[in-house]
Amino acid sequence: MDRVFYITTPIYYVNARPHLGHAYTTIVADVASRYQRMQGRETFFLTGTDEHGDKIVEAARAEGMSPKSYVDKISAEFRRLWPELNISNDAFIRTTDAAHIAVVERVLQKIYDAGDIYFSEYEGLYCFGCERFYVPRELVDGKCPDHQKAPERIKESNYFFRMSRYQDWLIDHIRKYPDFIRPERYRNEVLAFLRDPLEDLCISRPKSRLQWGITLPFDSNYVTYVWFDALLNYVSALGYPEGPRFRKFWPYAQHVVAKDILKPHGIYWPIMLKAAGIPVYRHLNVHGYWNVDRTKMSKSIGNVVEPLDLKNIYGLDAFRFFLMRDMAFGLDSSFSEKALVERLNADLANDLGNLFSRVLAMLHRYFKGRVPESDPAMCDEFGKTLCAGARQTIAHYAQHMETMAFHSALAAVWEYIGEMNRYVDYMMPWELAKSPSKEGQLAAVLCSLLEGLRVVSGLIYPVMPATAATMQRHLGLDAGKPFYRLSTLESWGCLPAGTLLPKAVSLFPRIDIKQKKRTPPSARAQEETRKAEIDLEAFGRVDLRVATVTHAEAIPKAKKLLKLQVDCDGPRTIVAGIAKDYAPQNLVGRQVVIVANLKPVKLMGILSQGMLLAVGDDKGLALIHPDREVAAGASIR
RNA sequence: GGCGAUGUAGCUCAGUCGGUUAGAGCAUGCGGCUCAUAUCCGCAGUGUCCGGGGUUCGAAUCCCUGCAUCGCCA
């Protein structure tokens with residue numbers, strides 16, 4: 001089995017702002033790479049932006065900006081979005097990066113030297129308004145449809161990539177590796193394309209028409225066009241040809257793309273790799289489109305809702321779950337707020353959330369919240385169905401996750417959640433609790449349920465990392481260990497007896513469809529805690545600063561307090577009540593925001609010189625931190 | 001215009017390269033339980049498998065054709 005995994009999203013073209021499609025592709029890659037980490041594989045996850053070409057020049061001009069400052073701006077929007085979606089990418093590449101440009105030049109030269117790039121003149125109908133060639137069929141009454149003007153016949157010379165030479169090789173390769181392109185429908189589509197002779201690919205633009213691109217290393221009058229520039233990001237980001245990452249990760253490369261760019265990735269790219277003497281990727285994973293049904297979108301938050309905004313209303317994990325569960329990978333799907341809410345209520349609130357809640361509530365009611373001591377024979381007798389079910393579920397889940405069939409993997413998990421709900425009804429713990437002689441059985445039943453929930457918490461981790469972590473905390477699992485490792489999940493009976501578990505939480509609040517959406521939950525909470533108005537001067541008296549945590553330790557006998565050393569215009573000590581939500585070792589190196597001029601107070605005998613800013617909700621506390629690393633001591637304005 | 005895909009329950013979709021009475025979830029109706037987030041469990045349905053031909057003992061599945069929707073290419 002491979003120990004290494006490399007996955008990419010396409011690099012997104014920055015002539016438009018990020019939308020649902022970008023988010024879906026990127027979440028798919030994120031889920032896949034988190035799953036691979038569960039398997040203990042070393043993973044590398046790449047995304048980025050594609051920044052050259054005439055459409056960028058146009059879009060920049062429309063906004064009155066230079067191409068460079070325009071692409072900087074839009075690229076930053078993508079980069080900012082991914083943390084909001086909890087994307088765990090390891091790198092973010094831009095095609096305007098110097099290292100990328102160097103790789104493109106190098107590969108072009110290599111293929112040119114090998115004789116697979118040639119220079120050729122052709123004649124065509126060119127519209128100077130559109131700055132492009134037309135074929136006769138595209139014209140309306142012989143005129144350009146945009147400019148109502150007859151295009152001129154001009155001659156132009158360009159460089160072409162001799163793809164035709166590799167056509168038979170590619171057909172053989174696809175036949176030899178049936179899951180090279182998957183799902184199968186897209187493999188068939190590519191093979192259908194390849195039934196006709198492949199035309200050579202025009203890979204250049206004269207600088208008289210386009211300057212915003214990478215100059216050809218063998219002809220400074222031309223820039224390279226689109227695919228040679230864009231596709232090579234997948235190897236340049238790894239440091240091709242000599243970089244250690246390239247050597248380690250490239251042999252295991254998988255790409256995720258939407259079906260609109262099947263042809264470049266399924267045909268041009270493997271041929272480019274072959275021509276450049278680079279091994280081809282392992283898998284191309286192709287997904288369908290989300291058709292956005294705006295008639296089923298609420299308009300309550302002031303304007304027409306963008307699908308991406310719904311993550312703020314219903315929660316990121318629910319949003320990620322919906323995208324992964326509702327689309328059969330590879331097929332088109334329709335997106336609506338209604339469908340999202342139905343999924344959230346049925347699968348998350350009712351099935352999983354309520355199960356979690358009822359099991360923990362019973363543990364508190366019958367065993368004062370402590371994981372009971374249970375007799376192994378009893379556990380085996382009364383819990384073996386859940387144990388066997390878990391093993392089977394993990395097997396099905398893994399099988400589907402490996403092939404990107406996320407919808408099936410999640411369906412398998414929810415089948416098991418249903419099994420657990422039926423188990424509760426069948427065992428009727430509330431009846432067992434009535435007779436003291438049945439306490440052993442009751443303990444075995446609840447232990448089995450807790451084990452089942454532990455397994456579920458791990459299996460949902462790739463899709464819903466935050467919820468998985470909440471479940472983990474409430475099951476009393478060691479926060480320091482990666483509870484989601486598949487090898488750990490498989491061993492049954494590893495929750496230590498005697499552990500005191502926190503009270504039940506509502507993992508997913510049910511959305512009341514009748515009165516939903518009037519006010520987002522967060523806004524409602526804000527209203528309740530709204531304070532009296534203050535003026536700017538009053539606010540200005542609070543000295544908010546960024547500090548970097550240099551040292552953190554628990555304070556003996558204090559449940560909630562941690563002692564932190566921070567760097568903020570020099571070292572200082574802060575006592576913070578965050579021990580329930582943050583382990584000391586996870587804090588060192590992090591940046592936080594503190595109230596720097598708060599009057600020092602002694603807590604547990606330690607002088608605290610400031611206060612950390614954090615927000616709290618039913619899932620616990622979350623620290624406030626700057627969007628990127630800034631100088632320690634920087635003041636907030 | 002060429003190539004390709006899709007069309008299945010009220011809704012969203014599965015359906016393993018032809019094989020019993022076509023399935024799931026949601027929504028709907030009825031019943032049960034009380035540990036739980038008005039949750040959970042059980043039962044009940046409903047179908048011109050887009051239309052029309054054809055191949056076959058047998059077609060949602062294969063072939064032809066028409067319609068609708070979508071994508072890619074030119």
Side-chain angles (χ1 to χ4, degrees), chain A residues 21 124-125 132-139 178 183-199 201 257-268 286-291 293 295-296 322 325-336 338-367 399-400 405 407-408 410-412 414-415 417-434 442 445-446 449 453 503-514 618:
Chain A
L125 297 166
R132 58 163 284 200
F133 283 91
Y134 277 94
V135 298
R137 279 202 194 104
E138 290 176 293
L139 302 174
E184 193 181 8
R185 59 189 345 104
Y186 297 108
R187 172 180 186 264
N188 294 340
E189 198 163 321
V190 168
L191 285 172
F193 273 129
L194 290 171
R195 279 203 298 268
D196 295 327
L198 212 46
E199 285 183 25
L201 185 68
V257 297
K259 63 182 184 179
D260 57 329
I261 47 175
L262 171 62
K263 200 170 168 182
H265 284 81
I267 296 177
Y268 308 166
V286 188
H287 68 75
Y289 284 156
W290 283 102
N291 298 309
D293 183 353
T295 63
K296 290 180 185 169
F322 173 76
R325 179 63 185 82
D326 250 48
M327 176 178 268
F329 188 85
L331 299 174
D332 288 1
S333 218
S334 56
F335 183 99
S336 70
K338 184 168 169 285
L340 172 70
V341 169
E342 281 173 2
R343 244 338 149 186
L344 171 57
N345 278 343
D347 289 4
L348 297 181
N350 293 352
D351 292 348
L352 173 57
N354 181 59
L355 173 68
F356 191 67
S357 164
R358 71 198 296 210
V359 169
L360 286 181
M362 284 190 282
L363 190 77
H364 276 271
R365 182 181 284 234
Y366 305 137
F367 292 100
Q399 187 188 333
H400 288 127
H407 58 296
S408 307
L410 289 172
W414 258 258
E415 182 53 45
I417 289 170
E419 196 179 322
M420 289 175 74
N421 270 321
R422 286 188 290 275
Y423 177 84
V424 174
D425 281 39
Y426 180 74
M427 289 297 179
M428 296 191 287
W430 51 93
E431 289 298 326
L432 298 176
K434 287 176 186 165
L442 179 61
V445 166
L446 283 181
L449 285 164
L453 285 171
K503 282 270 185 189
V505 285
S506 185
L507 291 177
F508 300 97
R510 211 185 134 77
I511 309 297
D512 186 341
I513 300 191
K514 285 172 214 122
D618 54 7

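Letters A, B, ... mirror the listed sequences (proteins, then strands); counts begin at 1.
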Student: Which residues pass the side chain to side chain donor-acceptor pair (under 3.5 Å) test with A:Asp260, sequence neighbours left out?
Tutor: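 A:Asp260 satisfies side chain to side chain donor-acceptor pair (under 3.5 Å) with no residue once adjacent residues are dropped.
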Student: Tell me which nucleotide, if any, is Watson-Crick or G-U wobble paired with B:C17 when both distances must be under 3.5 Å.
Tutor: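 Across all strands, not a single nucleotide pairs with B:C17.
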Student: With a 3.5 angstrom cut-off on both distances, give the Watson-Crick or G-U wobble partner of B:U55, or none if there isn't one.
Tutor: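 Pairing partner, where one exists within any strand: none, as none qualifies.
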Student: I'd like a list of close polar pairs between nucleotides 2-6 of chain B and the protein, N/O only, cut-off under 3.5 Å.
Tutor:
{"residue": "B:G4", "atom": "OP1", "partner": "A:Arg195", "partner atom": "NH2", "Å": "3.0"}
{"residue": "B:G4", "atom": "O2'", "partner": "A:Glu189", "partner atom": "OE1", "Å": "3.1"}
{"residue": "B:U6", "atom": "OP1", "partner": "A:Arg185", "partner atom": "NH2", "Å": "3.3"}

Student: Under a 3.5 Å cut-off for both distances, is B:C72 Watson-Crick or wobble paired, and to whom?
Tutor: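 Base partner found: B:G2.
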Student: Tell me, for nucleotides 33-42 of chain B in 5' to 3' order, what letter each nucleotide earns: B for a base near a protein heavy atom under 4.0 Å, S for only sugar-phosphate near one, - for neither?
Tutor: SSBBB-SBSS
Student: Please tell me which of the listed nucleotides, B:C26, B:U12, B:G71, lies nearest to the side chain of A:Tyr289?
Tutor: B:G71
Student: Reckon A:Ser408 touches a base, only the sugar-phosphate, or nothing at all at heavy-atom distances under 4.0 Å?
Tutor: nothing
Student: If you measure from the P atom in B:A9 to the same atom in B:A24, how many Å do you get, rounded?
Tutor: 14 Å
Student: Under a 3.5 Å limit for both distances, which nucleotide forms a Watson-Crick or G-U wobble pair with B:U37, could you say?
Tutor: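 Because no pair has both required distances under 3.5 Å, B:U37 counts as unpaired.
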Student: What integer distance in Å separates A:His265:NE2 from B:G71:P?
Tutor: 20 Å
Student: What's the CG-C1' distance between A:Asp347 and B:A27, to the nearest Å?
Tutor: 14 Å
Student: Let me know the distance between CG of A:Leu340 and P of B:C26, rounded to the nearest Å.
Tutor: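 A:Leu340 atom CG is separated from B:C26 atom P by 16 Å.
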Student: So A:Ala328, base contact, sugar-phosphate only, or nothing? Heavy-atom distance under 4.0 Å.
Tutor: sugar-phosphate
Student: Which base, if any, makes a Watson-Crick or G-U wobble pair with B:A24, both distances under 3.5 Å?
Tutor: B:U12
Student: Just the rounded figure in Å: distance from C1' of B:G7 to CG of A:Asp332.
Tutor: 13 Å
Student: Does CD belonging to A:Glu431 count more than 12 external heavy atoms closer than 6.0 Å?
Tutor: yes
Student: How many whole angstroms separate atom CH2 of A:Trp290 from atom P of B:C70?
Tutor: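 Whole-Å distance recorded here is 19 Å.
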Student: In whole Å, what separates the C1' atom of B:G19 from that of B:G58?
Tutor: 7 Å
Student: Provide the distance between the two C1' atoms, one in B:G29 and one in B:G45, to the nearest whole Å.
Tutor: 9 Å
Student: Table please: side-chain donor-acceptor pairs of residues 186-196 of chain A below 3.5 Å, with sequence neighbours left out.
Tutor:
{"residue": "A:Tyr186", "atom": "OH", "partner": "A:Gly330", "partner atom": "O", "Å": "2.5"}
{"residue": "A:Arg187", "atom": "NE", "partner": "A:Pro178", "partner atom": "O", "Å": "3.3"}
{"residue": "A:Arg187", "atom": "NH2", "partner": "A:Ile174", "partner atom": "O", "Å": "3.3"}

Student: In chain order, what residues pass the salt bridge (charged side-chain N to carboxylate O under 4.0 Å, His left out) check against A:Asp425, with sequence neighbours excluded?
Tutor: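 Scan of A:Asp425 (salt bridge (charged side-chain N to carboxylate O under 4.0 Å, His left out), adjacent residues dropped) gives A:Arg358.
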Student: May I ask you to check if A:Lys263 and A:Tyr268 form a cation-pi contact, with NZ or CZ under 6.0 angstrom from the six-membered ring centre and within 45° of the axis?
Tutor: no
Student: For residues 347-356 of chain A, which residue pairs qualify under salt bridge (Lys or Arg N to Asp or Glu O under 4.0 Å), counting only residues two or more places apart or in two chains?
Tutor: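 The answer is A:Arg343-A:Asp347.
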